[in-house]
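Below: the structure, in structure tokens.
Because only heavy atoms are used, hydrogens play no part in the values below, and waters and symmetry mates are left out as well, while side chains stay in. Proteins come first, then strands; the chains are lettered A, B, ... in the order of their sequence lines, and each starts at number 1.
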There are 2 protein chains.
Amino acid sequence: MEIETITDNQKVKVARKLKNMFGHINLKDPTLICPIRDVMALASDKWSILIVLYLGYFPVLRFNELKKNVYGISNKVLSERLKHLEGDGYLKRTMYAEMPVRVEYKLTNFGHSYLQKLIELTEWAQTHKDCVISNRTKFHGSLENQELENQL
Amino acid sequence: MEIETITDNQKVKVARKLKNMFGHINLKDPTLICPIRDVMALASDKWSILIVLYLGYFPVLRFNELKKNVYGISNKVLSERLKHLEGDGYLKRTMYAEMPVRVEYKLTNFGHSYLQKLIELTEWAQTHKDCVISNRTKFHGSLENQELENQL
DNA sequence: ATACCTAGTTACTAAAAGTAACCTATTATT
DNA sequence: AATAATAGGTTACTTTTAGTAACTAGGTAT
């Protein structure tokens with residue numbers, strides 16, 4: 001479904017940006033792209049994105065509050081992701097010596113700067129989700145037709 | 001390392017956007033966020049991001065060209081990701097009945113609209129990668145110190 | 001003594017990713 | 001006529017990662 005209206009002008013701009021990014025990558029040794037890969041991989045997996053978004057919506061969240069909001073995440077993965085996100089500087093963990101213990105998570109300023117980019121992506125996903133879903137059903141439909149034809 | 005300069009004004013803007021996104025989500029049943037989750041999960045894994053970026057840089061790529069550029073990806077995962085990305089409408093696969101067969105992949109206009117958002121994220125990652133890496137080493141360093149203290 | 005609280009950890013299982021050999025169809029080479 | 005090469009994958013197998021559910025620490029309340 002090609003309802004998108006992207007001008008060639010925009011495409012040219014994007015191509016220029018990519019040239020800046022890829023231009024100084026030695027295509028004979030593409031491992032050099034790794035730093036970005038690495039940064040992206042840690043914070044752009046599905047759970048980390050949700051954690052950061054919820055910490056944008058609620059300025060402070062405790063472990064179990066996060067678990068309730070980031071629906072479907074397990075203790076194990078939540079605790080892992082939080083450690084990584086803390087380690088990379090996206091969020092800060094504060095422990096209060098109360099009883100029972102209280103632990104609070106909140107975004108750092110660095111985390112907020114990431115959140116801004118993430119929100120733009122999420123907004124895009126929200127406005128385009130119907131397009132994706134209609135594409136998907138159409139594609140699967142056509143796959144089934146093909147299989148039927150192949151059987152004849 | 002809190003070198004980021006994000007104004008409270010920007011934070012307020014972000015909070016408002018999040019309110020729009022999360023506001024109509026029933027927090028008692030957070031599964032309703034799923035469409036976005038679903039869309040994001042399919043196209044924001046580490047390999048899909050790289051595939052889309054390379055198809056932004058090179059307008060047309062064949063299977064083995066993609067494999068060379070998206071360094072480290074296996075046939076299996078590349079073929080899987082390409083099918084998913086095609087199914088969701090990000091790219092188009094064209095097969096030419098030559099011998100040996102030629103198969104070309106290129107972004108759709110929809111894929112280009114996604115690419116634009118992705119580039120902004122990647123640019124962010126590129127400018128902030130040093131920050132992440134320095135955070136990370138500092139964090140791991142402090143963890144080791146803590147372990148030493150615990151042993152005493 | 002028992003149950004309860006938070007913030008996790010741990011042992012186990014299921015799913016996903018990575019590896020490497022193989023397949024199909026055709027042309028070129030020995 | 002057999003062998004190899006090529007493009008674009010697939011398949012069987014192994015390793016890594018994610019998910020499940022039970023458990024732990026340290027203290028409070030019943």
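B:Trp47 has its CH2 atom 16 Å from the P atom of D:dT16, to the nearest Å. Atom OH of B:Tyr96 is separated from atom P of D:dG9 by 14 Å (rounded to the nearest Å). Atom CE in A:Met95 sits roughly 15 Å away from atom P in D:dA25 (whole-Å rounding). Between A:Leu82 atom CG and C:dT6 atom P there is a gap of 17 Å when expressed in whole angstrom units. The NZ atom of B:Lys46 sits 15 Å away from the C1' atom of D:dA18 (whole-angstrom rounding). Protein atom CD of A:Glu80 is 7 Å distant from nucleotide atom P of D:dA18, rounded to whole Å. Spacing between atom CG of A:Leu78 and atom C1' of D:dT17 amounts to 16 Å, rounded to whole angstrom units.
Axis angle between the ends of the helix from C:dA1-D:dT30 to C:dT30-D:dA1, five pairs each and rounded to 10 degrees, works out to 40°.
For A:Ser79, no side-chain nitrogen or oxygen approaches OP1 or OP2 of C:dA7 to under 4.0 Å. Within the 4.0 Å cut-off from OP1 or OP2 of D:dT15, not a single side-chain nitrogen or oxygen of B:Lys76 is found. Dashed line: the shortest gap from a side-chain N or O of B:Ser74 to OP1 or OP2 of C:dA17 is not under 4.0 Å.
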(message) Quick one, A:Leu66 with A:Phe58, criterion side chain to side chain contact (heavy atoms under 4.5 Å, CB included). Give me CA distance, side-chain angles, the key distance, then yes/no.
(response) CA-CA 10 Å; A:Leu66 270 165; A:Phe58 302 102; over 6 Å; no
(message) Using side chain to side chain contact (heavy atoms under 4.5 Å, CB included), reason through A:Val103 and A:Phe63 one step at a time and then give a plain yes or no.
(response) CA-CA 7 Å; A:Val103 178; A:Phe63 188 88; 5.6 Å; no
(request) Determine, stepwise, if the pair A:Tyr71 / A:Trp47 fulfils ring-ring contact (aromatic ring centres under 6.0 Å, His included). (result) CA-CA 10 Å; A:Tyr71 186 79; A:Trp47 294 125; 9.3 Å; no
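Both A:Ile73 and B:Lys83 sit near DNA chain D, but only B:Lys83 has its closest nucleotide nearer the 5' end.
Of the possible donor and acceptor atoms, none in the side chain of A:Thr108 sits under 3.5 Å from a partner among the backbone N and O of A:Lys92.
Under the 4.5 Å side-chain contact rule for hydrophobic residues, B:Leu55 and B:Tyr96 do not share a cluster.
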Name the pairs: protein N/O against N/O of nucleotides 2-8 of chain D, kept only if under 3.5 Å.
| unit_1 | atom_1 | unit_2 | atom_2 | d |
| --- | --- | --- | --- | --- |
| D:dA7 | O3' | B:Arg62 | NH2 | 3.1 |
| D:dA7 | O3' | B:Val101 | O | 3.1 |
| D:dG8 | OP1 | B:Arg62 | NE | 3.2 |
| D:dG8 | OP1 | B:Val103 | N | 2.8 |
| D:dG8 | OP1 | B:Val103 | O | 3.3 |

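The existence of a salt bridge linking A:Lys46 and B:Asp45 is excluded, since no basic side-chain nitrogen approaches an acidic carboxylate oxygen closer than 4.0 Å.
Across every non-hydrogen atom of B:Arg37 and A:Val70, the tightest pair is NH2-C, 4.2 Å.
By the side chain to side chain donor-acceptor pair (under 3.5 Å) test, A:Tyr105 is found to be paired with A:Arg93, residues two or more places apart in sequence or in another chain being considered.
Applying the 6.0 Å contact sphere to NZ of B:Lys11 captures more than 12 heavy atoms from other residues, nucleotides or ligands.
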